[in-house]
Amino acid sequence: MRETAVIIGASSGLGKSLAYVLAANGINTLLAARNQRDLEAIANDLSIRFNIESKPVQLDLEKVGKEESLQIINECFNHFSEI
């Protein structure tokens with residue numbers, strides 16, 4: 001089973017760069033950021049380019065409360081058995 005990394009802020013800058021480095025090393029990615037469209041494009045590119053599984057999750061940490069945080073964490077574990 002492959003390792004999986006959760007990357008917050010994955011749609012640009014350091015987060016996006018980290019996603020590409022991890023995917024190039026065969027690590028599945030769960031990408032989180034505000035812009036769903038950018039995340040989907042990056043996740044698709046990573047999956048095709050590096051033959052890994054990449055899941056985009058729209059997330060705005062400024063607007064997320066405790067319940068939403070738990071829901072996101074559960075979604076992560078439901079999609080990837082190990083993170």
Side-chain angles (χ1 to χ4, degrees):
M1 178 171 276
R2 286 186 176 180
E3 292 178 274
T4 301
V6 176
I7 304 162
I8 308 294
S11 64
S12 65
L14 186 58
K16 182 178 177 181
S17 296
L18 179 60
Y20 276 85
V21 169
L22 293 171
N25 284 286
I27 297 173
N28 292 327
T29 58
L30 191 139
L31 309 175
R34 290 183 196 138
N35 190 311
Q36 182 71 24
R37 188 172 59 175
D38 289 349
L39 287 174
E40 288 173 2
I42 294 165
N44 288 334
D45 186 44
L46 293 175
S47 295
I48 292 167
R49 188 182 303 243
F50 301 110
N51 195 32
I52 56 107
E53 187 173 355
S54 186
K55 177 171 176 53
V57 175
Q58 186 174 18
L59 172 64
D60 186 343
L61 290 176
E62 290 181 0
K63 297 178 182 176
V64 174
K66 184 177 179 180
E67 281 188 33
E68 292 88 354
S69 297
L70 292 174
Q71 182 179 0
I72 292 165
I73 291 167
N74 285 332
E75 182 179 336
C76 293
F77 281 105
N78 287 336
H79 190 78
F80 296 105
S81 59
E82 293 184 20
I83 297 179

Asker: Could you give the distance from CD1 (Ile27) to OG (Ser54), rounded to the nearest 0.5 Å?
Answerer: 12.0 Å
Asker: Is it true that a side-chain atom of Asp60 and a backbone atom of Arg34 form a donor plus acceptor pair closer than 3.5 Å?
Answerer: no
Asker: Sub-3.5 Å donor-acceptor pair from the side chain of Thr4 to the main-chain atoms of Thr29, do we have one?
Answerer: no
Asker: Hey, what do you get for CG (Leu39) to CD1 (Ile7), rounding to the nearest 0.5 Å?
Answerer: 10.5 Å
Asker: Could you work out the complete set of other residues in the hydrophobic cluster of Leu14, with links drawn between I, L, V, M, F, W and Y side chains under 4.5 Å apart?
Answerer: none
Asker: Begin from the C-alpha positions of Asp38 and Ser12 and carry the test side-chain contact (heavy atoms from CB on, under 4.5 Å) through to its verdict.
Answerer: CA-CA 9 Å; Asp38 289 349; Ser12 65; over 6 Å; no
Asker: Taking atom NZ of Lys16 and atom OG of Ser11, what is their separation to the nearest 0.5 Å?
Answerer: 8.5 Å
Asker: If you group Ile, Leu, Val, Met, Phe, Trp and Tyr by side-chain heavy-atom gaps below 4.5 Å, do Leu30 and Ile8 land in one group?
Answerer: yes
Asker: With sequence neighbours excluded, give me every side-chain hydrogen bond (donor to acceptor under 3.5 Å, both in side chains) pair touching residues 17-27.
Answerer: Tyr20-Asp45
Asker: Once you round to the nearest 0.5 Å, how far does CG of Leu59 lie from CG of Asn35?
Answerer: 12.5 Å
Asker: Under a 4.5 Å side-chain heavy-atom rule over Ile, Leu, Val, Met, Phe, Trp and Tyr, are Leu18 and Val6 clustered together?
Answerer: no
Asker: Given side chains that start at C-beta, do those of Leu46 and Ile52 come closer than 4.5 Å, heavy atoms only?
Answerer: yes
Asker: Please name the pair of heavy atoms, one in Gly26 and one in Arg2, separated by the smallest distance, quoted to 0.1 Å.
Answerer: O-CD, 3.3 Å
Asker: Ignoring hydrogens, what is the shortest heavy-atom contact between Gln36 and Val57? Give both atom names and the distance.
Answerer: OE1-C, 4.0 Å
